[in-house]
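Worksheet: the structure to be examined is printed underneath.
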Amino acid sequence: MNDTPLSAGIGNTHKPGDNYVQSFARGLEVIRSFSAAAPQQTLSEVAARTGLTRAGARRILLTLQTLGYLESDGRLFRLTPRILDLGFAYLSSMPIWDLAEPMMEALTDRVRESCSAAVLDGLDIVYVLRVHTHKIMSTNLAVGSRLPAFWTSLGRVLLAALPEQELRARLAALPRQPFTRHTVLDDETLLARIAQAREQGWCLVDQELEEGLISVAAPLKNRAGDVVAALNISGQANRTSTEMLREQLLPELLQTAQAISRTLRTR
């Protein structure tokens, strides 16, 4: 599954102003230009992907190389492991993940299916914690991977927590792509399914993003009752039916999500 974000900055209400540091923003764009599809790039490729001039891209690449975030063989540039420090700073600043991981591991042991936690970023969800089973899944997801929020159970749970106006604004900016024959594309049905997730407190998505992949998700809430993340169980349709997911695995998921939320409220 492609983890390239569908849209960057959707839902971000901050606009460039007098305090906006354009060179810093361009440096981040250079970092983001590297991906699974482009793990190493030439100077020209970075310039083309970011819209920078070759001279501008070169200055940023050499700065990042000096700081240890990039390495180069003289022609190709690639990220170094030091780049992980940036993401780890986010994870380590949020105690929810330390609290959630042992409970997610216990859930995975009980249900024998993979369990994930994610947050909302624009039109995407971003995985922040993954507990795998030994079963082979067709998706290759890790912490930091992105998927389109409107067609995942995690995403619909997170979208359901948005104010209506914000939800509709994101929907209006949504590129439409039929990932499978089950993918829902029309606004009315998408809004209805998100409303259903809001009302029942969980969401099940059946093969809308990938053939054979089904999942069910529930929200994680902080002390104020705000949804700060979502938790899901995913499985393969050929061995885990939607009925089994709803009747046997959903109660386990809800129990774990509520336990994590209770822990957050008492911390």
Side-chain angles (χ1 to χ4, degrees), residues 1-11 35-37 113-128 130 132 135-219 227 229-247 249-250 253:
M1 187 63 63
N2 187 352
D3 62 2
T4 302
L6 293 177
S7 176
I10 298 296
S35 66
E113 298 288 0
S114 297
C115 180
S116 306
V119 295
L120 188 63
D121 183 25
L123 297 178
D124 301 324
I125 58 166
V126 181
Y127 283 86
V128 292
R130 290 272 288 163
H132 298 274
K135 298 173 182 176
I136 298 175
M137 295 292 293
S138 54
T139 50
N140 183 22
L141 298 172
V143 170
S145 294
R146 288 174 174 265
L147 291 178
F150 279 85
W151 295 292
T152 60
S153 61
L154 288 162
R156 287 181 182 167
V157 164
L158 294 167
L159 290 165
L162 294 177
E164 187 69 16
Q165 183 176 1
E166 177 61 25
L167 172 60
R168 289 182 177 273
R170 299 195 192 200
L171 183 61
L174 181 66
R176 308 302 162 100
Q177 176 183 351
F179 297 97
T180 74
R181 56 194 171 93
H182 304 284
T183 305
V184 173
L185 295 176
D186 64 283
D187 288 8
E188 184 178 349
T189 305
L190 284 169
L191 288 171
R193 296 197 177 182
I194 292 170
Q196 181 183 26
R198 183 186 304 115
E199 181 179 350
Q200 65 191 14
W202 54 272
C203 179
L204 190 151
V205 171
D206 184 5
Q207 304 180 78
E208 289 194 44
L209 188 62
E210 182 178 338
E211 292 284 353
L213 182 64
I214 61 176
S215 65
V216 62
V227 175
L231 188 72
N232 89 337
I233 295 172
S234 58
Q236 290 181 319
N238 61 1
R239 57 176 168 77
T240 307
S241 66
T242 56
E243 291 76 15
M244 177 182 176
L245 205 63
R246 185 182 296 109
E247 296 173 7
L249 306 188
L250 175 59
L253 174 70

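Residue numbers start at 1 and run along the sequence shown.
- Smallest separation of non-hydrogen atoms from A118 and L158: O-CD1, 3.8 Å.
- Side-chain contact between V157 and N232: absent, with no pair of heavy atoms (C-beta onward) separated by less than 4.5 Å.
- The CD atom of E210 lies 12.0 Å from the NE2 atom of H182; values are rounded to the nearest 0.5 Å.
- Here the side chain of S145 pairs no donor or acceptor atom with the backbone of Y127 at under 3.5 angstrom.
- R156 contributes atom CZ, which lies 11.5 Å from atom CG of L154 (distance to the nearest 0.5 angstrom).
- Of the options D186, T183, D187, a side-chain hydrogen bond (donor to acceptor under 3.5 Å, both in side chains) to R176 is made by D187 and by none of the others.
- By the 6.0 Å contact criterion, CD on E164 is enclosed, its count of non-hydrogen atoms from other residues, nucleotides or ligands being greater than 12.
- L174 is not listed as a side-chain neighbour of P148, based on a closest heavy-atom distance of 4.5 Å or more.
- For S234 against L213, the heavy-atom pair with the smallest separation is CB-CD1, 4.3 Å.
- Heavy-atom minimum distance, V216 versus L250: CG2-CD1, 3.7 Å.
- Rounded to the nearest 0.5 angstrom, L245 CG and L204 CG are separated by 5.0 Å.
- Nearest heavy-atom pair across L120 and D124 is CD1-O, 3.4 Å.
- To the nearest 0.5 Å, atom CG of residue L123 and atom CZ of residue R146 are 10.0 Å apart.
- Between the Q177 side chain and the F179 main chain, no donor and acceptor come within less than 3.5 Å of each other.
- A salt bridge (charged side-chain N to carboxylate O under 4.0 Å, His left out) check over residues 189-199, counting only residues at least two apart or in different chains, returns the pairs R193-E208.
- Between the CG atom in L191 and the CG atom in L171 there is a gap of 5.0 Å [rounded to 0.5 Å].
- You'll find the side chain of V184 stays beyond 4.5 Å of the side chain of F150, heavy atoms only.
- Looking only at side-chain heavy atoms (C-beta outward), T152 and V205 stay at 4.5 Å or farther from each other.
- Separating the SG atom in C203 from the CG atom in L159 is a distance of 9.5 Å, to the nearest 0.5 Å.
- Between R181 and E211, the closest side-chain pair of non-hydrogen atoms falls below 4.5 Å.
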